[in-house]
Number of protein chains: 2
Amino acid sequence: MKAIIVQAEKEDRDLIYTDVEKPTLQSGEVLVKVAAAGVNRGDILQAAGHYPPPPGASEIMGLECAGTIVDAGDTNQQVGTEVACLLAGGGYGEYVEVPEGQLMPIPKGFSLSEAASVVEVACTVWSNLGMLAKVTEGQRVLIHGGSGGIGSFAIQLCKALGAEVAVTAGSQDKLDYCRNLGADILINYREEDYSEVLKNSCDVILDIMGAKYLRGNMRALANDGIQVGIGLQGGTKAEINLGLLLAKRLTIAGTTLRGRSLEDKAAICRDTITHVWPLLEDGQIRHHIYASYPIAEAAQAHRDLVSGEVTGKLVLEF
Amino acid sequence: MKAIIVQAEKEDRDLIYTDVEKPTLQSGEVLVKVAAAGVNRGDILQAAGHYPPPPGASEIMGLECAGTIVDAGDTNQQVGTEVACLLAGGGYGEYVEVPEGQLMPIPKGFSLSEAASVVEVACTVWSNLGMLAKVTEGQRVLIHGGSGGIGSFAIQLCKALGAEVAVTAGSQDKLDYCRNLGADILINYREEDYSEVLKNSCDVILDIMGAKYLRGNMRALANDGIQVGIGLQGGTKAEINLGLLLAKRLTIAGTTLRGRSLEDKAAICRDTITHVWPLLEDGQIRHHIYASYPIAEAAQAHRDLVSGEVTGKLVLEF
């Protein structure tokens with residue numbers, strides 16, 4: 001079959017579209033013919049050699065896709081069913097093996113490209129803000145990078161949950177985009193110190209910056225506040241003031257989705273279908289594809305995502 | 001009335017037993033004639049000027065006591081009732097004003113001295129291990145300083161909850177004491193590196209060391225593990241590796257009890273009565289008074305607690 005792989009021998013680690021072995025199924029897996037795959041920041045890291053797949057996962061990139069079941073293996077799934085899939089890898093291939101617990105229905109009214117690019121963000125945002133931080137009505141939630149794929153989704157989810165949403169972004173255009181999604185407090189981090197503006201006021205922070213923002217985030221958190229970290233764009237090692245952590249009764253948590261057990265992933269998919277799919281289907285969360293590319297042009301999609309100018313999701317189509 | 005106060009003008013900040021104003025009641029408070037007060041590490045810090053009472057709280061030390069209600073104020077409490085009390089301060093005085101939500105019954109079979117010295121440890125340990133970390137059967141819990149007041153209580157609570165308990169302590173005598181309380185894994189931190197022995201295996205860590213142990217604790221935690229910090233005996237500022245936090249999906253939390261709102265404290269007292277009082281009354285948690293002192297000898301009690309040789313709680317008696 002055809003797939004995008006990383007030509008790791010070359011110094012610039014090109015993505016190339018080539019022939020590879022078709023995957024074989026293990027117990028509990030189905031084979032899906034991929035129609036579309038979402039592009040994620042984790043793919044960029046993996047292509048650069050910084051985010052190796054977990055043991056046993058496909059060497060092919062791609063953390064989410066949508067397509068059609070062509071082999072149900074030993075499961076009770078039906079061949080021909082269209083599904084969206086949460087993947088540990090393999091979405092950039094023509095076929096991918098998927099554990100049954102990571103199959104999700106196509107949200108009503110969604111195209112396969114839309115479904116393919118909503119799985120990772122929906123499961124990431126829900127598992128962190130819904131299941132871990134337990135965002136509730138009336139809380140103030142700070143979302144860094146509000147105009148990105150994760151940020152756009154998180155703004156709308158938090159508004160649907162009845163929270164007040166503060167965002168940071170680096171330009172007026174991006175802040176306007178966040179305002180249109182429902183964000184209440186807009187902070188241009190190039191012009192203002194968000195930790196001063198929001199001092200001691202945030203119940204929950206969804207962080208993607210890691211080390212660079214830890215101090216500011218702890219300042220912005222209210223008593224009993226929680227930070228959930230899902231990205232390290234500002235580095236990994238920071239000084240933490242544990243005196244402040246105790247005095248304000250803070251919680252600093254971090255997660256990644258891909259390394260979780262099959263049981264965890266299945267539980268997250270179930271909970272996401274229950275709580276998030278209805279919000280997608282009734283339009284409370286709008287899912288925005290910024291651009292689609294033929295699968296052979298994956299390298300261009302990666303370059304565009306790295307550019308930082310993308311507001312919404314990128315999709316590769318077979 | 002008589003009370004212990006800190007003579008702050010003197011360089012060595014002596015504790016002196018002297019005459020002070022009797023407290024007046026605010027709405028929702030009762031006046032308790034103190035029979036006994038527990039000695040806590042927070043008292044030592046307060047005496048040294050490092051742990052000032054929260055705004056509005058008594059300047060008199062003492063985070064817990066037991067005694068008799070002598071004025072019910074505008075509450076429905078009964079004068080003459082013996083009670084144990086969680087305090088923001090004031091326990092080292094002959095009388096103390098207590099918010100109604102922080103009154104707790106004397107556990108059946110407990111003396112007033114025993115009750116006076118179990119409140120702070122019970123509420124601290126339950127709010128952290130029961131309510132925040134949600135310790136459950138089969139988990140491995142690491143308790144640093146297992147032979148101290150907090151540690152001894154935490155070992156027994158975790159065993160009652162069905163967890164496996166690992167402890168660190170600095171001598172064989174202290175480890176033997178922990179073993180007698182039910183600890184399963186005993187580590188002398190002077191001889192072994194606990195983070196190597198317990199690498200990637202602890203679901204929950206109750207930490208009192210702060211900065212000094214953060215790196216080791218994060219190494220000892222299993223995937224999805226949580227550290228709850230309640231002390232800073234090893235300093236406040238540490239380097240944190242957020243890459244490891246995300247990769248292992250860790251949670252680092254910290255709390256103090258005294259700064260919480262009245263509502264929070266009332267909720268913690270209720271939950272502690274529900275879940276911990278039965279364990280005290282049926283002997284699953286044995287509460288050990290190491291030594292009692294007349295109130296006038298509070299300074300000696302403080303010196304003894306600082307010595308590090310205490311296994312169990314110290315009590316001041318009126």
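Values below: all heavy atoms of this structure, side chains included; hydrogens, waters and symmetry mates excluded. Lettering of chains follows the sequences in order, A, B, ..., and the numbering in each one begins at 1.
- For B:E59, the CD atom sits in a loose shell: 12 or fewer heavy atoms of surrounding residues, nucleotides or ligands are nearer than 6.0 Å.
- Under a cut-off of 6.0 angstrom, the local environment of CD in B:Q26 is sparse, with at most 12 non-hydrogen atoms contributed by other residues, nucleotides or ligands.
- Between A:L214 and B:I240, some side-chain heavy-atom pair lies under the 4.5 Å cut-off.
- Taking OG1 of B:T251 as the reference point, atom CD1 of A:I252 lies at 10.0 Å (rounded to 0.5 Å).
- With a threshold of 4.5 angstrom between heavy atoms, B:R260 approaches chain A through its backbone and through its side chain.
- Counting heavy atoms of neighbouring residues, nucleotides and ligands inside a 6.0 Å radius, atom CZ of A:R215 does not exceed 12 of them.
- B:R249 and A:T256 make their closest contact through CD-O, 3.6 Å (heavy atoms, listed as atom of the first residue, atom of the second, distance).
- Most heavy-atom pairs under 4.5 Å with chain A, from the set B:V228, B:T236, B:D224: that is B:T236.
- Proximity of B:L246 to A:T255: side-chain heavy atoms (C-beta onward) are nowhere separated by under 4.5 Å.
- Residues B:K237 and A:E239 have side chains in contact (heavy-atom distance under 4.5 Å, counting atoms from C-beta outward).
- A:D207 is not listed as a side-chain neighbour of B:L242, based on a closest heavy-atom distance of 4.5 Å or more.
- Listed options B:L245, B:L132, B:N241 were ranked by heavy-atom pairs under 4.5 angstrom with chain A; first place goes to B:L245.
- Contacts with chain A were tallied for B:L232, B:L244, B:D264; B:L232 has the most, counting heavy-atom pairs under 4.5 Å.
- Interface remark: B:N223 contributes no atoms to any contact with chain A (heavy atom separation under 4.5 Å).
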